[in-house]
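All figures in this text were calculated on a predicted structure; none of them were measured in a lab. Just so it is clear, the values below take in all heavy atoms, side chains as well, and ignore hydrogens, waters and symmetry mates. Just so we're on the same page: letters track the sequence lines, and every chain starts at 1.
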Amino acid sequence: MSPAARTRQAWTAPDIDNQRWPREMFRIDAAELSQRLLGRRLVRILDGGERLSGRIVETEAYLGAQDLAAHCAGNRRTPRNESMYGPPGIAYVYFTYGMHHCVNVVCAEEGSPAAALIRALAPEEGLDRMRHNRTGPRRASPLRDHDLCSGPAKLCQALAIDRALDSADLVNGDRLFIEGADAGSLFEQAEIANAARIGVDSAGSWAKAPLRWYVKHCPHVSRD
DNA sequence: ATGACGATTTACT
DNA sequence: GTAAATCGTCATA
């Protein structure tokens, strides 16, 4: 389906190849990466080989030392956020609120902290396992598909992503990676919404910066 | 050693 | 709409 035709539909995943991203595709700034990730497939291979995946439909950019909403604001560097300073193409997984994990894709040059937060997926492979990971084996009514990965902590729970995957290499590793290596954006501008980031109200002037992107009319995003 | 906080989610009024 | 859950992490002492 052409991008133009897709704008008339509620949401259709764009065609992609199954090629993994090479390192150089991550050597870009976080805003660029955040947009380019949309439509690509995040793949998680569990111990034992089971494959879980979903299309990335919502992202946020955390730009670097100058970005007061970022964990690396003012070049703050601690054991927790060390991987933000690592080479492009690794994961930054952090733990927050005493119970949740979130996953970022580290980008830009090594030593220059920047990353794209993955905020939502349209789940593709392993939905039963995701449901189990999210709620356990028993539940009165099973979670609906659009409740599985519609938030940064939800998708980590669904895909079993935790601090063990912090700094995991998305280029050469075999536990977490991104597929769909065609160059450029997979969407027309009109198919993508751009808005302020979520949960960064205390970041002063940076709180309102439009650094969140999501696929319009997609039921799997965290919010519209 | 201590205290405050958090790139969230869920349940409840 | 509001509030609770829950604890690693970091700054301060």
- Atom CZ of A:Arg223 and atom P of C:dG1: how far apart are they, to the nearest Å? 11 Å

- Task: Mind running salt bridge (Lys or Arg N to Asp or Glu O under 4.0 Å) on A:Lys154 and A:Glu58 for me, showing each step along the way?
- Result: CA-CA 13 Å; A:Lys154 293 179 186 178; A:Glu58 179 182 349; over 6 Å; no

- Across the strands shown, which category fits A:Ser222 at heavy-atom distances under 4.0 angstrom: base, sugar-phosphate, nothing? nothing

- Thinking salt bridges, do A:Arg175 and A:Asp47 make one under a 4.0 Å N-O criterion? no

- Message: Please check if the number of heavy atoms outside A:Arg163 that lie under 6.0 Å from its CZ is greater than 12.
- Response: yes

- Message: I want to confirm an ordering. Mapping A:Arg77 and A:His100 to their closest nucleotides on DNA chain C, which one lands closer to the 5' end?
- Response: A:His100

At a cut-off of 3.5 Å, list every protein nitrogen or oxygen paired with a nitrogen or oxygen from nucleotides 7-9 of chain C, distance to 0.1 Å.
| unit_1 | atom_1 | unit_2 | atom_2 | d |
| --- | --- | --- | --- | --- |
| C:dC7 | O4' | A:Gly98 | O | 3.4 |
| C:dC7 | O2 | A:Gly98 | N | 3.4 |

- Task: Look at all strands and tell whether A:Ala153 reaches a base, only sugar-phosphate, or nothing, counting heavy atoms closer than 4.0 Å.
- Result: sugar-phosphate

- Task: Test side chain to side chain contact (heavy atoms under 4.5 Å, CB included) on A:Arg80 and A:Tyr94 and set out the steps.
- Result: CA-CA 7 Å; A:Arg80 179 208 205 196; A:Tyr94 66 89; 3.7 Å; yes

- Message: Using modelled atom types and a 3.5 Å cut-off, is there a donor and acceptor pairing between side-chain atoms of A:Glu32 and backbone atoms of A:Asp29?
- Response: no

- First-last contacting nucleotides on DNA chain B - partner chain A, under 4.0 angstrom, heavy atom: B:dG6 to B:dT10

- Considering every strand shown, what is the Watson-Crick or G-U wobble mate of C:dA4 when both distances are under 3.5 Å? B:dT9

- Measure across A:Tyr214 and A:Asp224 and return the closest heavy-atom pair with its distance rounded to 0.1 Å. OH-C, 3.3 Å

- With a cut-off of 6.0 Å (strictly less than), are more than 12 heavy atoms of other residues, nucleotides or ligands near CG of A:Asp17? yes

- Task: Heavy atoms only: give me the nearest A:Ala114-A:Ala30 pair and the separation to one decimal.
- Result: CB-CB, 4.3 Å

